[in-house]
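Here the structure comes first, spelled out in structure tokens, and everything after it is commentary.
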There are 2 protein chains.
Amino acid sequence: MDSSGIRDALTEKGLRVTPQRIAIYEAILKLNNHPTADDIAAHIKLDHPNIATGTVYKVLESLVENGLIKKVKTEKDVMRYDAILENHNHLYCAESDRIADYYNEEINNLLTDYFRQHEIPDFKIADIKLQIIGKFLNETE
Amino acid sequence: MDSSGIRDALTEKGLRVTPQRIAIYEAILKLNNHPTADDIAAHIKLDHPNIATGTVYKVLESLVENGLIKKVKTEKDVMRYDAILENHNHLYCAESDRIADYYNEEINNLLTDYFRQHEIPDFKIADIKLQIIGKFLNETE
DNA sequence: TTTTTATATGAGAATAATTCTCTTTAAAGA
DNA sequence: TCTTTAAAGAGAATTATTCTCATATAAAAA
């Protein structure tokens, strides 16, 4: 997504288009290992030296609320952010704290079908997340 | 598990048996909605008024490290703890912040088999967690 | 274009969970 | 019982995040 796509996305959600919002959204798209708020702040401070930390958090919150990005949680107590909205799961390595996206429609369908056929009593499923924890081999990053 | 079972479990892991560790372990077993460190501290402060918060965290950490309990992460930024080691998944309701255990061997086997047959390149799976997010109906708690 | 107004930002204090440091205590083995 | 060493207590420190409020600015209205 380019800068004008970002503007459009913000406008469409009824959010004011501000340089900070554009910069933060761009940063999430660019920084690909599911950045933390801090990663994002550090990255955009090059172009926006005066951006306040609180602004970063507030913008992230409103982007999440408006479904433009997602929050990703790890074992650590820091939230991370993901601009990919397409249904996908995560591979997570606790050792390196690296998160990789894992696309596999088959497993999504398998789970969706399974729970369509086996409803859970007194519980309405909104989302199913599969977190695959392990270790990356042949680290190339 | 009773008090002597806890003593045995600690000894078996090479951990010293202290009143604080017993109290904390007992608290996790007793408080069943996946308590936070704070829940646990509040609960045991009745019997152990002088327990330090840091001790609670340190004990929880060593219990987790020794595989006696597990850490559970929710959407919120507080860690919660679970004394159930048996392979199970969690039902989580963001609205009420309630976590319920979900036992279903079938789904565990389904996932295990699936990933045995479909290995992920360059990634060694250690654990697969399924987090089922939604809403509890007929709240009875 | 200028004015208006509601919303967003900046700055920094406040909060909350967790960790750390250092001294004292006590569990477990000799 | 004595000794050793891990564990606990106290409270400061750290870290991520939220909050407050004055100022700035995007977008709508004139």
If you compare every side-chain N and O of Tyr57(A) against the phosphate oxygens of dT18(D) (OP1, OP2), does one of them come in below 4.0 Å?
no

Nearest-Å distance for atom pair NZ/C1', residues Lys76(A) and dT15(D)
13 Å

Could you tell me the separation between the CG atom of Leu15(A) and the C1' atom of dA26(D), rounded to a whole number of Å?
12 Å

Can you measure Leu60(A) atom CG to dT18(D) atom P for me and round it to whole angstrom units?
10 Å

Can you say whether the rings of His90(A) and His34(A) are parallel (under 30°), tilted (30 to 60°) or perpendicular (over 60°)?
perpendicular

Examine dA26(D): is either OP1 or OP2 under 4.0 Å from a nitrogen or oxygen in the side chain of Thr18(A)? Give yes or no.
no

Atom pair distance, as rounded to whole Å: CG in Asp97(A) and C1' in dT15(D)
15 Å

Atom-pair distance (CZ on Arg80(B); P on dA16(C)), nearest Å
18 Å

Test item: side-chain donor near acceptor, Asp82(A) and His88(A), under 3.5 Å
yes

How long is the line joining CD1 of Ile44(A) and C1' of dA8(C), in whole Å?
14 Å

Answer yes if the side chains of Asn104(A) and Tyr114(B) hold a donor-acceptor pair under 3.5 Å, and no otherwise.
yes

By nearest-nucleotide position on DNA chain C, the 5'-leaning member of Pro19(A) and Ala37(B) is Pro19(A)

Hey, what are the protein-to-nucleotides 9-12 of chain D N/O distances that come in under 3.5 Å?
from: dG9(D); atom 1: OP1; to: Gln20(B); atom 2: NE2; distance (Å): 3.1
from: dG9(D); atom 1: OP2; to: Ala52(B); atom 2: N; distance (Å): 3.3
from: dG9(D); atom 1: OP2; to: Thr55(B); atom 2: OG1; distance (Å): 3.1
from: dG9(D); atom 1: O6; to: Lys58(B); atom 2: NZ; distance (Å): 3.4
from: dA10(D); atom 1: OP2; to: Asn50(B); atom 2: O; distance (Å): 3.1

Rounded distance (Å) that lies between atom P of dT7(C) and atom CZ of Arg21(A):
11 Å

Can you tell me if Asp8(A) and Thr11(A) form a side-chain donor-acceptor pair at under 3.5 Å?
no

Is a side-chain donor-acceptor pair under 3.5 Å present for Asn32(B) with Asp101(B)?
no

Ionic contact status for Arg80(B) with Asp97(B), cut-off 4.0 Å
yes

Quickly work out the Asp8(A) CG to dA27(D) C1' distance and round it to whole Å.
16 Å

Side-chain contact, heavy-atom cut-off 4.5 Å: Lys129(A) with Lys129(B)?
no

Of Arg7(A) and Thr36(A), the one whose closest nucleotide on DNA chain D sits nearer the 5' end is Thr36(A)

On the side chain of Arg16(B), is there an atom forming a donor-acceptor pair with the base of dA6(D) - under 3.5 Å, no angle test?
yes

